[in-house]
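Only one structure is covered here, and it is reproduced in the block below.
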Amino acid sequence: MLEIAFIRQNADVVRQAIANKRLSLDLDELLGADKTRRDAIGALDVKRARKNQIAALIPKATKEERPVLIEEGKQVKADIERLEPVLKEATLKYDDLMLKVPSIPRPEVPIGKGEEDNVEIRKVGTKRSFSFKARDHVELMTMHAMVNWDGPRKFAGGRSYALTGTGALLEVAVTRLAIDLLVSRGLTLVIPPVMVKEKAMTGTGFFPLGREEAYAITADELYLVGTSEVPLVSLHAEDTLEASQLPIRYAGMSPCFRREAGAHGKDTRGLYRVHQFTKIEQVVFCLPDEAVAEKEHYTLLGNAEAILEQLEIPYRVALACTGEIGLGQTRKHEVESWMPGRDAYSETHSCSTLGDFQARRSNIRLRMPDGSLAWPYTLNNTAIASPRILIPLLENHQSEDGSITLPKALVPYMNGVEVLKPKS
RNA sequence: GGAGAGAUGACCGAGUGGCCGAAGGUGCAUGAUUGGAAAUCAUGUGUAGGUGCAAGCCUACCGAGGGUUCGAAUCCCUCUCUCUCCGCCA
């Protein structure tokens, strides 16, 4: 969320950000709502001031003055009751529009529409060239009985699955590997609630625009989170943090739920796009300083890369263009792992800086050493998301007979097993 | 799920209709005192919005929302959260 004063003074900058992020918000509508709201506040404050004056005068008034004042008080009360709905309506509209104002992308973010406009930063690792016909993860996982495909689709619907046997063990293994790496690098592991109130979704920027993406538990007015970023950031909602507490670095572990409402018919094969997955997410709160945030951003990116390195998965890092970064993000790097079955680098990690966007929305304050109040910056990045990460893991480490040679770092997490042999 | 208690400023805590943004205490800050500290004394110490060049002024906020009243921290209703006991349960 941007500050209204900033929006008023930099309307063109905000308009440009709206256009570059491919949003449809009409800024003039917001500025109009702001004007209406401020006019209403002005008119109402005058009446309220008079109300308070009268209320203070009455106890001191003489018998004769009293009825006159009470009469005026009634009149003022009527005026207030007439003005309040005007303000309320203006405020509702204003609040609604404010939640749709994007943060301003940082200058280095390339302007563009879609994925094709993302800028590749680097490629790491070498794509394997296979001397045999490589299988995709669906074939491999089927050979290894790592997944039950059909059962869940009957009782849980499309895009559902059950990891079984070594498939399930692999998820536990990569998850634990990621946790250990992050903890060794100073992050605090958190297992947060995954059912949250609307304000957590709004506070982190996923609502209102992403409402269709979330599962709602209507009976209890709760929502299933699509990432532990939501509860981890919300952990400090309404708090005032001390500057000395920062940076706060969390590693969240949670199931994640996504309706994939806008992706019907897309990526339907296999486990690339599913409704439920497990993710270890990194979340950082830091001082509102671009240099500090930049350092944290690249540290988070480095953590993700270290995990891919341990898993011996070739990947590339791209700087997402304006059309591909979210409402609140000011900069996003995508880490795309090489997936031979798709013959493409595909997103497995997403590293974002959000500036004070989430802090403002979630009302996370920061007490600076000089006593002043500020808003901390927040950042996040995937550490590992499974089963998606199993796709490059299995596909890149397969042999001709379908067996999987596990990367060294993963072996201890698989009880010393080095090679997984297919069941059939 | 049932019964009860509660929610006031950084913290503790008073306040059951009017001059209460809120007593008192603690903490914190500044100053005085001191060789220095403690103690003591004095002063100050919330957030947000509106307006103004500024000093300031006005408004809102005593868990949240609504109601009664000329006037609500205080009365009424709804909700949320916390605690205690009972029940159920991994």
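The chains referred to below are lettered A, B, ... by the order of the sequence lines, with proteins before strands, and numbering in each begins at 1. Heavy atoms only: backbone and side chains are in, while hydrogens, waters and symmetry mates are out. Worth saying up front: this structure is predicted, and the values here are computed from it rather than measured.
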(message) Among residues at least two apart in sequence or on other chains, which ones pass side-chain contact (heavy atoms from CB on, under 4.5 Å) with A/T202?
(response) A/L99, A/E198, A/F207, A/R361
Paired nucleotide for [N] [Watson-Crick or G-U wobble; both distances under 3.5 Å]:
N     : result
B/A72 : none
B/G4  : B/C83
B/C53 : none
B/G31 : B/C41

(request) Please collect all side chain to side chain donor-acceptor pair (under 3.5 Å) contacts where either partner lies in residues 81-95 of chain A, sequence neighbours excluded, each pair once. (result) A/R48-A/E84
(request) Among residues two or more places apart or on two chains, list those pairs meeting side chain to side chain donor-acceptor pair (under 3.5 Å) that have a residue in residues 65-74 of chain A. (result) A/R50-A/E72, A/T62-A/E65
(request) Take the protein atom CZ of A/R365 and the nucleotide atom P of B/G9, then report the distance between them rounded to whole Å. (result) 16 Å
Considering only distance and modelled atom types, tabulate donor-acceptor pairs under 3.5 Å from the side chains of residues 273-283 of chain A, sequence neighbours left out.
residue: A/R273; atom: NE; partner: A/D267; partner atom: OD2; Å: 2.8
residue: A/R273; atom: NH1; partner: A/E260; partner atom: OE1; Å: 3.1
residue: A/R273; atom: NH2; partner: A/D267; partner atom: OD2; Å: 2.8
residue: A/H275; atom: ND1; partner: A/Y215; partner atom: OH; Å: 3.0
residue: A/H275; atom: ND1; partner: A/R258; partner atom: O; Å: 2.7
residue: A/H275; atom: ND1; partner: A/R259; partner atom: O; Å: 3.4
residue: A/T278; atom: OG1; partner: A/E171; partner atom: OE2; Å: 2.7
residue: A/K279; atom: NZ; partner: A/T227; partner atom: OG1; Å: 2.7
residue: A/K279; atom: NZ; partner: A/E281; partner atom: OE1; Å: 2.7
residue: A/Q282; atom: OE1; partner: A/N303; partner atom: ND2; Å: 2.8
residue: A/Q282; atom: NE2; partner: A/L300; partner atom: O; Å: 3.3
residue: A/Q282; atom: NE2; partner: A/T382; partner atom: O; Å: 3.3

Can you list, pair by pair, the side-chain donor-acceptor contacts under 3.5 Å of residues 404-418 of chain A, counting residues two or more places apart and other chains?
residue: A/Y413; atom: OH; partner: A/D180; partner atom: OD2; Å: 2.5

Separation between the [atom1] atoms of [N] and [M], rounded to whole Å:
N     : M     : atom1 : result
B/G21 : B/A72 : C1'   : 14 Å
B/G25 : B/C77 : C1'   : 36 Å
B/G67 : B/A60 : P     : 16 Å
B/G36 : B/A54 : P     : 42 Å
B/U78 : B/A42 : P     : 48 Å
B/A73 : B/A22 : P     : 12 Å

(message) Any residue in residues 80-92 of chain A with a heavy atom nearer than 4.0 angstrom to RNA chain B? Just list them by number, or reply none.
(response) A/K88
(message) If you take any heavy atom closer than 4.0 Å to RNA chain B, which residues from residues 198-206 of chain A end up in contact?
(response) none
(request) Report yes if a side-chain nitrogen or oxygen of A/N52 is closer than 4.0 Å to either non-bridging phosphate oxygen (OP1 or OP2) of B/U59; otherwise report no. (result) yes
(request) Please determine if a side-chain N or O atom of A/K77 lies less than 4.0 Å away from the OP1 or OP2 oxygen of B/G71. (result) yes
(message) According to ring pair (Phe, Tyr, Trp, His ring centres under 6.0 Å), does anything in residues 21-48 of chain A pair up with another residue at least two apart or in another chain? List the pairs.
(response) none
Atom pairs under 3.5 Å, N or O on each side, protein against nucleotides 88-90 of chain B: can you list them with distances?
none

(message) Any donor-acceptor pair under 3.5 Å linking the side-chain atoms of A/T353 with those of A/H297?
(response) yes
(message) Treating primed atoms plus P, OP1 and OP2 as sugar-phosphate and everything else as base, which nucleotides of nucleotides 49-56 of chain B get B, S or - for protein heavy atoms under 4.0 Å?
(response) BSS-----
(request) Determine, using ring centers only, whether A/Y272 and A/H137 are less than 6.0 Å apart. (result) no
Protein-nucleic acid N or O pairs under 3.5 Å, nucleotides 18-21 of chain B:
residue: B/G18; atom: N2; partner: A/A55; partner atom: O; Å: 3.2

(request) Tell me, please, which residues at least two apart from A/F285 pass ring pair (Phe, Tyr, Trp, His ring centres under 6.0 Å). (result) A/H236
